[in-house]
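Let me begin by presenting the structure, written as structure tokens, before commenting on it.
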Amino acid sequence: MAFNIGDTLQAMRTYVQDLGLFQTVQIGEPKQPPGQGLHAAIFMDSVSVSMIYAGGETRESHVVTLRVYKDMLAEQTDPLNNLEVEMASAVSTLMSNLLGDTDLESTVMSIDAAGMDGTSMAGSFGYVEISGVMYRIVDIVVPVIVNGSATLAGTGV
């Protein structure tokens with residue numbers, strides 16, 4: 001069986017969507033401004049084999065970027081919060097939930113929080129422009145360990 005990268009993306013999308021933090025959750029980056037409120041996009045960063053078991057089954061590292069968006073000029077949903085506090089709160093809740101349910105209730109073996117397979121979970125803040133609208137973003141790197149997504153044939157293992 002080939003790498004099940006699509007399954008990892010779908011599992012992440014379903015899990016994040018079910019948290020109810022975002023107006024929209026999509027696979028791939030938005031081509032148009034997503035609108036008001038918090039939004040999330042999920043896209044692949046890298047895929048690698050980190051281990052081969054007897055029989056040829058693999059353990060893989062699927063590194064997913066989970067990007068959180070908010071229009072930086074939009075009115076805040078809570079007037080007492082500023083944009084930074086609102087983004088930090090959403091990201092904190094999201095990362096805590098991801099680490100609290102490390103298999104995403106799916107075929108994912110684990111979130112590799114500390115980077116046993118090379119990449120640790122991390123978030124970085126920045127800005128991105130989408131069709132003339134400036135968004136405050138947080139890119140969360142989510143390394144996912146997947147067992148048995150691929151089987152190597154003819155390895156003699």
Side-chain angles (χ1 to χ4, degrees), residues 2-50 58-146 149-150:
F3 285 89
N4 285 331
I5 299 166
D7 288 352
T8 300
L9 289 169
Q10 289 295 344
M12 183 70 71
R13 179 179 179 261
T14 299
Y15 187 83
V16 171
Q17 193 167 356
D18 288 349
L19 291 175
L21 296 172
F22 304 101
Q23 300 293 319
T24 61
V25 179
Q26 70 180 55
I27 294 174
E29 297 180 74
K31 308 299 184 261
Q32 298 296 320
Q36 300 298 309
L38 289 170
H39 301 272
I42 298 160
F43 44 94
M44 290 302 296
D45 185 312
S46 66
V47 179
S48 62
V49 174
S50 57
T58 62
R59 170 175 152 166
E60 301 163 22
S61 175
H62 296 186
V63 180
V64 176
T65 297
L66 179 76
R67 180 172 284 171
V68 177
Y69 298 83
K70 174 121 182 164
D71 181 339
M72 68 172 280
L73 298 178
E75 210 172 293
Q76 302 305 305
T77 55
D78 178 352
L80 297 177
N81 280 338
N82 64 30
L83 179 61
E84 264 339 91
V85 172
E86 187 175 6
M87 292 289 285
S89 176
V91 168
S92 178
T93 299
L94 177 58
M95 290 177 82
S96 294
N97 276 284
L98 285 168
L99 292 175
D101 184 358
T102 60
D103 67 355
L104 303 179
E105 300 175 359
S106 72
T107 57
V108 168
M109 179 183 149
S110 178
I111 303 272
D112 191 5
M116 295 183 314
D117 283 351
T119 302
S120 60
M121 188 176 196
S124 60
F125 289 70
Y127 296 90
V128 68
E129 184 180 324
I130 304 172
S131 296
V133 179
M134 186 63 73
Y135 283 84
R136 183 68 165 141
I137 63 162
V138 181
D139 282 344
I140 302 169
V141 176
V142 185
V144 178
I145 297 172
V146 179
S149 175

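Positions are given from 1 along the sequence. As the structure is a computational prediction, the values presented were derived from the model and not from experiment. Values below: every heavy atom of this structure, side chains too, minus hydrogens, waters and symmetry copies.
Proximity of a side-chain donor or acceptor of Tyr69 to a complementary backbone N or O of Val128 within less than 3.5 Å is not detected. In this structure a side-chain-to-backbone donor-acceptor pair under 3.5 Å is missing from Ser92 to Ala88.
Nearest heavy atom pair, residue Gln23 against residue Gln36, reads CG-O, 3.6 Å.
Qualifying salt bridge (charged side-chain N to carboxylate O under 4.0 Å, His left out) partners for Arg136, counting only residues two or more places apart in sequence or in other chains: Glu84. Residues satisfying the side-chain contact (heavy atoms from CB on, under 4.5 Å) test with Ile140, not counting sequence neighbours, are Leu66, Val68, Val91, Leu94, Met95, Met121, Val138, Val142. Listed by chain and number, the residues in a side-chain hydrogen bond (donor to acceptor under 3.5 Å, both in side chains) with Thr93 amount to none (sequence neighbours excluded). In this structure Ser46 satisfies the side-chain hydrogen bond (donor to acceptor under 3.5 Å, both in side chains) test with no other residue, sequence neighbours excluded. Not counting sequence neighbours, the partners of Met116 by the side-chain contact (heavy atoms from CB on, under 4.5 Å) test are Arg59, Asp112, Ile145.
Asp18 contributes atom CG, which lies 11.0 Å from atom CG of Asn97 (distance to the nearest 0.5 angstrom). Distance check, rounded to the nearest 0.5 Å: NZ of Lys70 to OH of Tyr135 gives 10.0 Å. In this structure, the separation between CE on Met12 and CZ on Phe43 is 12.0 Å, given to the nearest 0.5 Å. Note that the CD1 atom of Ile42 and the OG1 atom of Thr8 stand 11.0 Å from one another [nearest 0.5 Å]. Distance check: Ser120 OG to Ile111 CD1 gives 12.5 Å after rounding to the nearest 0.5 Å.
In this structure, Asp71 and Pro33 have side chains that are not in contact, with every pair of non-hydrogen atoms separated by 4.5 Å or more. Residues Ile27 and Gln10 form a side-chain contact, since some pair of their non-hydrogen atoms from C-beta on lies under 4.5 Å apart. Proximity of Asp117 to Glu60: side-chain heavy atoms (C-beta onward) are nowhere separated by under 4.5 Å.
Sequence neighbours left out, not one pair with a member in residues 89-100 passes salt bridge (charged side-chain N to carboxylate O under 4.0 Å, His left out). For residues 26-48, the set of pairs meeting the salt bridge (charged side-chain N to carboxylate O under 4.0 Å, His left out) definition, not counting sequence neighbours, comprises Glu29-Arg67. The list of side-chain hydrogen bond (donor to acceptor under 3.5 Å, both in side chains) pairs with a residue in residues 121-132, not counting sequence neighbours, is empty.
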Verdict with supporting geometry, Val64 and Met44, side-chain contact (heavy atoms from CB on, under 4.5 Å): CA-CA 5 Å; Val64 176; Met44 290 302 296; 3.8 Å; yes

His62 vs Leu9, side-chain contact (heavy atoms from CB on, under 4.5 Å): CA-CA, chis, key distance, verdict: CA-CA 9 Å; His62 296 186; Leu9 289 169; over 6 Å; no

